[in-house]
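Note: hydrogens, waters and symmetry copies are ignored here, and every other heavy atom, side chains too, is used.
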Amino acid sequence: MTTHAPQAAHTVTLPGSLDEAVAALAAMPTAVPVAGGTDLMAAVNSGLLRPAGLVGLGRISEIKGWQYQDGAALLGAGLTHARMGRPDFAALMPALAAAARAAGPPQIRNAGTLGGNIASAQPTGDTLPVLAALEASLVIAGPGGTRREIPIGRLLAGLDMLRPGELIGYVRVPLLHAPQTFLKATGRTGPGRAIASVAVVLDPARRSVRCAVGAVAPMPLRPFDAERWVSSIVDWDGDRTLAPDALAAFGDYVAAACIPDPVPEPDALNVHEGAEPGTLPPAVLHLRRTVATLARRALGRALA
C-alpha cells in the first residue's frame, strides 16, 4: 500500500465476483472496499482513515466493462477513467468521456474508477455533474445476491445511503443519442481539481436541456428553472442554435441559481471593505462569473 500509512490494513481479501465482494464485506463489517485507491490512499496517508481490512475489487472482471440494456448503458463500477476516455466510449457518452479525460494525470486516470468517484462523493468529482445531468441511476449489490436501484442524486444528497455489506455494482445511464458537453475550470494550467464544472445534456425526445454544476457545493446542483427557461426557447424542430445574448442569459441564470445572492440583513455589518450590505465577496463573485462562462460555453457547444 504505502510506507507512509499510519496503520496498515490487517486483512486483504481479493474476491473474484461482485457477490463474493459483498459476502466479504458482510463477513468483515469494518473492512473498506478499494478499487483504484486514488481517494482511499490519500485518506490513509493523511491519517483520516485506518481500515482494519480491505476488500480489493480489482479482480472482478464483470464490473470493468459495459453493456446495452433497455435503451440504456449499464456501466460497470470498475471502469477506469482511462477506459472511459477512449474514442469508442466517447461516441457513446461524450460528456462522461470528457469528464474522465479531465480527471487528472495519466496515473490517476489509469487507476481511478467510476464507482470510486461516486462512492467517495468528493464535490470535485468530475463524473458526478455529468451523471447528474444524464439522470443516471445506481445498481447496488447487496447480501444474498440482492440488487436495488436508486437515482444517483439520492445517494449524493444523503437521502439513500449504502447499507452495510452493499457495493455500487453498476451505473445505468440512459442513452440520449444527442449532443453533450462537459467543461471545468481549475486553479492552474493542465489537469487539476475543479473549482467549478458544468455538464450540459440535450434531450430532444423530451425537448429539454439538462444542466448540472459541480464543485461549487457538496453535491452537483441542477438549476431546474434555468433548464426549463432555455428549453422553452430552443427551436427543437429547427437548427437549435441560440443567439449570443440568450446563451449569456442562460449562463447568468445558472450561476445565480447555483451561487445565490445572500439574504439581505440590513442590521448586519458587511465585513468586506467598501461593499454594500448583502453583496457577495469578490471570491464568490469570481466563482459566479466562472460558472456563468462555463454554462454559456457548454450550452453553445451542445447546440452548435
From CA spacing to verdict: side-chain contact (heavy atoms from CB on, under 4.5 Å), Val130, Met93: CA-CA 10 Å; Val130 179; Met93 275 171 283; over 6 Å; no
Stepwise side-chain contact (heavy atoms from CB on, under 4.5 Å) test for Asn110 and Thr80: CA-CA 6 Å; Asn110 288 334; Thr80 64; over 6 Å; no
Evaluation steps, side-chain contact (heavy atoms from CB on, under 4.5 Å), between Val198 and Arg296: CA-CA 10 Å; Val198 172; Arg296 169 176 56 81; over 6 Å; no
side-chain contact (heavy atoms from CB on, under 4.5 Å) between Val291 and Val254, intermediate numbers included: CA-CA 7 Å; Val291 170; Val254 170; 4.1 Å; yes
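Remark: the Asp239 side chain and the Thr241 side chain contain an N/O donor-acceptor pair separated by less than 3.5 Å.
For the pair Asp88 and Arg83, the salt-bridge criterion is met [side-chain N within less than 4.0 Å of a carboxylate O]. Here Arg288 pairs with Asp261 in a salt bridge; the nearest charged N to carboxylate O distance falls below 4.0 Å.
Grouping Ile, Leu, Val, Met, Phe, Trp and Tyr by side-chain contacts under 4.5 Å, direct or through others, puts Leu57 with Leu18, Val22, Leu25, Met28, Val55, Ile60, Ile63, Leu74, Val139, Leu167, Tyr170.
Here the side chains of Ile140 and Leu155 are not in contact, with every heavy-atom distance at 4.5 Å or above.
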Which pairs of donor and acceptor atoms, one on a side chain in residues 131-138, lie under 3.5 Å apart (sequence neighbours left out)?
| unit_1 | atom_1 | unit_2 | atom_2 | d |
| --- | --- | --- | --- | --- |
| Glu135 | OE2 | Arg222 | NH1 | 3.4 |
| Glu135 | OE2 | Arg222 | NH2 | 3.4 |
| Ser137 | OG | Glu149 | OE2 | 2.5 |

Acceptor/donor pairs from residues 115-125 side chains to any protein atom, 3.5 angstrom cut, sequence neighbours excluded:
| unit_1 | atom_1 | unit_2 | atom_2 | d |
| --- | --- | --- | --- | --- |
| Asn117 | OD1 | Thr127 | N | 3.3 |
| Asn117 | OD1 | Thr127 | OG1 | 2.6 |
| Ser120 | OG | Asp39 | OD2 | 2.9 |
| Ser120 | OG | Gly116 | O | 2.9 |
| Ser120 | OG | Asn117 | O | 3.4 |
| Thr124 | OG1 | Arg193 | NH1 | 2.9 |

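Contacts classified as ring-ring contact (aromatic ring centres under 6.0 Å, His included) and involving residues 71-127 (residues at least two apart or in different chains) are given here: Trp66-Phe89. Counting only residues at least two apart or in different chains, ring-ring contact (aromatic ring centres under 6.0 Å, His included) contacts with residues 99-121 are absent.
Partners of Thr293 according to the side-chain hydrogen bond (donor to acceptor under 3.5 Å, both in side chains) rule, which considers only residues two or more places apart in sequence or in another chain, do not exist here.
In the hydrophobic cluster analysis, where Ile, Leu, Val, Met, Phe, Trp and Tyr join through side-chain heavy atoms closer than 4.5 angstrom, Phe224 is grouped apart from Val216. Under a hydrophobic-cluster definition in which Ile, Leu, Val, Met, Phe, Trp and Tyr are linked whenever side-chain heavy atoms come within less than 4.5 Å, directly or via other members, Val32 and Val34 are assigned to the same cluster.
Thr181 places a side-chain N or O within donor-acceptor distance of the main-chain N or O of Ala298, the cut-off being under 3.5 Å.
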